[in-house]
Chemist: 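This is the structure I want to talk about, given as C-alpha cells.
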Amino acid sequence: MTIRVLVADDQEMVRRGLRRILANQPDIEVVGEAADGVAALEAARVLRPDVALVDIRMPRMDGLEVTRRLAEGIPADGTHPETRVRVVVVTTFDLDEYVYPALRYGAAGFLLKRSGATLLVEAVRAAMAGDSLISPSITVRLLQHVTGNRPAGKHSTGTRSVGRRTGDRTATDRPTVPRALEALTERETEIAGQVGEGKTNADIARDLFISAGTVKTHVASIQRKLGVRNRVGIAVHAWEMGYLGRERPGW
C-alpha cells in the first residue's frame, strides 16, 4: 500500500528537499504541497493524505493549529469519509513551547530538519503504522522533564504537570503523567514498558512472539485506558510507574 503524504512548509527549498527524499521510496508518494497553514488544511481536505509533514512556523496559521485540526479529523463530504491525518512535525526548532503542545494536540512524530533522510522516512512509515517517532534528543529531554529527572521505578500517585514557564506558554502545555482510568492487564503493562523503551510495534512483536497486529490492538487499548492520544503518553506513564526493564515472566 502506498502512503500518501502532504508536505507543508513555507520554504520552497525545504518542500523540494522533502519531496526528493520521499520520492525515492517505493511505498511513499507526495500528493501535494502547501506553503502556509491555511493552504495545508485546504490541501488536506481535498487530497485526504495519510500523513502530513508540517512545519511549525508558517504564515496565516502555525503548524500547531494545523496539527490540532488535522488530528481531530477532516469532516466527511460527498466523496470522502471522515479522515484523520497523521501529522509528523518537521521543524528547525526543538523548543519546549513547540514540542509539548504538538504532542498534546496529537502529533504522531516530531523531527528536527537536521535529523536526516533515514529518520524522515522511518517517521512517515511509523505514523502510518500507528507508531510515533521523535528525534532522540527530544525524546530524552521530554521524558526527563515529565518524570522530573527521576529514575524509572519510582511511582506517582496521580496526574501532574512538570516544567517551568517557557515563553508565553505555561506548564499546562506540557504532557502530564497520566494515571490509568482503567487498570492495565499484565500484558498491557509489559507492552507499555516496551513502548517506554522506544520500541516499535514490530520490535515488541518480535520480543513477545506475537503479531504486530496484536501489539497494535494492545497499544490502542492502553491509550484508551490511560486517556492519551499517542505513544508518548504511554511512555510517560511507563517511565513514571517503573514499567521499564521489568523481567518478563518465565525469563
Side-chain angles (χ1 to χ4, degrees), residues 1-9 14-56 58 61 63-91 102-113 115-135 195 200-205 211-213 215-217 219-220 223-224 228-234:
M1 181 180 68
T2 300
I3 304 171
R4 304 174 73 253
V5 177
L6 171 67
V7 177
D9 194 291
V14 172
R15 296 197 306 273
R16 195 162 54 236
L18 294 174
R19 178 184 281 273
R20 188 181 308 116
I21 291 170
L22 299 177
N24 290 326
Q25 307 305 312
D27 58 334
I28 299 175
E29 177 188 4
V30 176
V31 296
E33 298 181 11
D36 63 67
V38 173
L41 288 181
E42 177 60 20
R45 185 187 67 80
V46 173
L47 299 171
R48 305 286 167 143
D50 300 306
V51 177
L53 302 181
V54 176
D55 188 23
I56 289 290
M58 292 190 294
M61 181 184 294
L64 293 177
E65 181 63 15
V66 172
T67 297
R68 185 185 70 80
R69 295 195 188 190
L70 291 181
E72 286 182 348
I74 304 170
D77 58 23
T79 307
H80 306 94
E82 181 180 5
T83 306
R84 278 183 169 75
V85 180
R86 301 162 180 89
V87 178
V88 176
V89 174
V90 183
T91 184
L103 297 175
R104 183 165 59 87
Y105 290 159
F110 196 108
L111 292 183
L112 301 180
K113 289 179 179 176
S115 296
T118 300
L119 273 182
L120 176 67
V121 172
E122 288 181 0
V124 170
R125 290 176 177 149
M128 187 63 187
D131 292 336
S132 298
L133 195 155
I134 301 173
S135 289
V195 170
T200 66
N201 286 357
D203 295 332
I204 297 170
S211 72
V215 175
K216 186 174 181 179
T217 298
V219 168
Q223 288 180 196
R224 177 183 58 79
V228 299
R229 300 180 69 172
N230 53 40
R231 295 168 73 92
V232 174
I234 296 176

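Along the sequence shown, residues are numbered consecutively beginning with 1.
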Chemist: Can you list the steps and then say if Arg104 with Arg68 is a side chain to side chain contact (heavy atoms under 4.5 Å, CB included)?
Modeler: CA-CA 9 Å; Arg104 183 165 59 87; Arg68 185 185 70 80; over 6 Å; no
Chemist: Distance-only, no hydrogens or angles: does the Arg86 side chain make a donor-acceptor pair with backbone N or O of Leu70 under 3.5 Å?
Modeler: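 Pair absent, no side-chain N/O of Arg86 close to backbone of Leu70.
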Chemist: Are any of the side-chain heavy atoms of Gln25 and Arg125 separated by less than 4.5 Å?
Modeler: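 They are in side-chain contact.
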Chemist: Passes side chain to side chain contact (heavy atoms under 4.5 Å, CB included), Val124 versus Val5? Steps please.
Modeler: CA-CA 8 Å; Val124 170; Val5 177; 3.9 Å; yes
Chemist: Would a 4.5 Å heavy-atom cut-off, applied to side chains only, mark Glu72 and Arg84 as touching?
Modeler: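 Glu72 vs Arg84: side chains apart.
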Chemist: Which heavy atom of Lys113 sits nearest a heavy atom of Val90, and at what distance?
Modeler: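 Taking every non-hydrogen atom into account, CE-O, 3.5 Å.
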Chemist: Which heavy atom in Ser211 sits nearest to a heavy atom in Ala205, and how many Å separate them?
Modeler: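 Heavy-atom minimum between the residues: C-CB, 3.8 Å.
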Chemist: Please tell me if the side chains of Val66 and Leu41 come closer than 4.5 Å, counting only heavy atoms from C-beta onward.
Modeler: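 Yes - at least one pair of side-chain heavy atoms lies under 4.5 Å apart.
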Chemist: Of all heavy-atom pairs between Val88 and Ala127, which one has the smallest distance, and what is that distance?
Modeler: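 In terms of heavy atoms, the two residues are closest at CG2-CB, 3.9 Å.
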Chemist: Is Ile56 close to Val89 at the side-chain level, that is, under 4.5 Å between some pair of heavy atoms?
Modeler: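 Val89 reaches Ile56 side chain to side chain.
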Chemist: Run the side chain to side chain contact (heavy atoms under 4.5 Å, CB included) test against Ala202 and tell me which residues pass, sequence neighbours left out.
Modeler: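 Here the qualifying residues are Thr200, Arg206.
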Chemist: Hey, does Val121 have a side-chain heavy atom less than 4.5 Å from the side chain of Leu22?
Modeler: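 A side-chain contact under 4.5 Å exists here.
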Chemist: Roughly how far, to the nearest 0.5 Å, is CG of Asp36 from CG of Asp9?
Modeler: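 So the gap between those two atoms works out to 11.0 Å.
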Chemist: Any idea which heavy atoms bring Leu111 and Leu120 closest together, and the distance?
Modeler: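 Nearest pair, atom of Leu111 first, then Leu120: CD1-CA, 3.7 Å.
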Chemist: Evaluate side chain to side chain contact (heavy atoms under 4.5 Å, CB included) for Met1 paired with Asp27, printing each intermediate quantity in order.
Modeler: CA-CA 7 Å; Met1 181 180 68; Asp27 58 334; over 6 Å; no
Chemist: Nearest 0.5 Å, please: how far is CG in Asp50 from CE in Met128?
Modeler: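 That separation rounds to 4.0 Å.
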Chemist: Between Ala43 and Leu6, which heavy-atom pair has the shortest distance, and what is it?
Modeler: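 Closest pair (atom of Ala43, atom of Leu6, distance): CB-CD1, 3.9 Å.
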Chemist: Identify the two heavy atoms, one from Val54 and one from Gly63, that lie closest to each other, and give their separation to 0.1 Å.
Modeler: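 Looking at all heavy atoms of both residues, the closest pair is CG1-CA, 3.7 Å.
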Chemist: Using side-chain heavy atoms (C-beta onward) and a distance below 4.5 Å, is Ile134 in contact with Leu103?
Modeler: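 They are in contact (side-chain heavy atoms under 4.5 Å apart), so the answer is yes.
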Chemist: Using modelled atom types and a 3.5 Å cut-off, is there a donor and acceptor pairing between side-chain atoms of Arg4 and backbone atoms of Arg48?
Modeler: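 It does hold such a pair.
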Chemist: Determine whether Val7 and Arg19 make a side-chain contact, defined as any pair of heavy atoms from C-beta on separated by less than 4.5 Å.
Modeler: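 With C-beta onward as the side chain, the pair stays apart.
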Chemist: So do the side chains of Arg16 and Glu33 get within less than 4.5 Å of each other, counting heavy atoms only?
Modeler: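 In short, these two side chains do not touch, never coming nearer than 4.5 Å.
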Chemist: Any ion pair linking Glu42 and Arg45 (charged N to carboxylate O, less than 4.0 Å)?
Modeler: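 Yes, this pair counts.
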Chemist: Working to the nearest 0.5 Å, report the span between CZ of Arg15 and CG of Leu53.
Modeler: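 Reported value, rounded in 0.5 Å steps: 12.5 Å.
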Chemist: Evaluate side chain to side chain contact (heavy atoms under 4.5 Å, CB included) for Thr91 paired with Phe110, printing each intermediate quantity in order.
Modeler: CA-CA 8 Å; Thr91 184; Phe110 196 108; 3.7 Å; yes
